[in-house]
Amino acid sequence: DITNITLPENLKEIARRAFYNCESLTKITIPNQVTKIGYKAFEGCESLTSIAIPRSVTNIGSYAFSGCANLANITIPELVTKISSKAFGNCSSLMDITIPEAVTTVGYEAFYGCSGLTSIRIPDNVTSIGSNPFVGCEKLELTISQNNVSFVVIDGILYDKALSRLIYVSESV
């Protein structure tokens, strides 16, 4: 029945499953001291439409926002270095997202089932992408930074630079 939460200013971490399946949660205010959003912290918060992740956050755990079907607006802070596995899985209302320059790793199925996602840019610093990061993103237009030498897109298929590892195949291929 929780719909609105303001967390205390001295909070440093949102631990694993802290708000797991809080289906009625529509608004949460996260203080600027938080550095970590744990495993499945907001998984299943279906009514959450937007969230402001503080700039202090450096770690977004696996499944952190998975199943937040109405989450349409989220900004990943500039200090985040890794987008964990299935962090935004099944966020079907998410339309566009910017991956910050500090990110070096995108986990497997990080954006799985984000059917509303239309654009994403992979910055230069990303050197590791897990398997199937965009499965179920039928509208997605993928952009890889010009200077990025780690990945290649050929006819909608994402490979590593050596063309020895297939990472993602668009549903439209």
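Worth saying up front: this structure is predicted, and the values here are computed from it rather than measured.
- Legend: residues meeting side chain to side chain contact (heavy atoms under 4.5 Å, CB included) with S128, ordered by chain and number and at least two apart, are T105.
- Legend: residues meeting side chain to side chain contact (heavy atoms under 4.5 Å, CB included) with T3, ordered by chain and number and at least two apart, are S24, T26.
- The salt bridge (Lys or Arg N to Asp or Glu O under 4.0 Å) test applied to K82 returns no partner, not counting sequence neighbours.
- Clustering of Ile, Leu, Val, Met, Phe, Trp and Tyr side chains at separations under 4.5 Å places Y63 together with Y39, Y108.
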Only pairs under 3.5 Å count here: list side-chain donor-acceptor contacts from residues 48-56, not counting sequence neighbours, and write none if there are none.
from : atom 1 : to  : atom 2 : distance (Å)
S56  : OG     : N32 : O      : 2.4
S56  : OG     : V34 : O      : 2.5

Quiz: residues 69-79 side-chain donor-acceptor pairs under 3.5 angstrom, not counting sequence neighbours:
from : atom 1 : to  : atom 2 : distance (Å)
N70  : ND2    : E46 : O      : 2.7

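- Looking at heavy atoms from C-beta onward, S47 lies out of side-chain contact with L25 at the 4.5 angstrom threshold.
- Note on residues 86-96: pairs passing salt bridge (charged side-chain N to carboxylate O under 4.0 Å, His left out), not counting sequence neighbours, are K86-E109.
- Summarising the hydrophobic clusters (Ile, Leu, Val, Met, Phe, Trp, Tyr; side-chain heavy atoms under 4.5 Å, direct or chained), the residues clustered with Y20 are none.
- Checked against ring-ring contact (aromatic ring centres under 6.0 Å, His included), Y112 has no partners two or more places apart in sequence or in another chain.
- Listed by first and then second residue, the ring-ring contact (aromatic ring centres under 6.0 Å, His included) pairs that reach into residues 70-93 are F65-F88, F88-F111, sequence neighbours excluded.
- At least one donor-acceptor pair closer than 3.5 Å links the side chain of T118 to the backbone N or O of M95.
- Scored by the side chain to side chain contact (heavy atoms under 4.5 Å, CB included) test, K36 finds E13, N59 as partners (sequence neighbours excluded).
- I14 places a side-chain heavy atom less than 4.5 Å from the side chain of I30.
- Note on residues 57-67: no pairs pass salt bridge (charged side-chain N to carboxylate O under 4.0 Å, His left out), not counting sequence neighbours.
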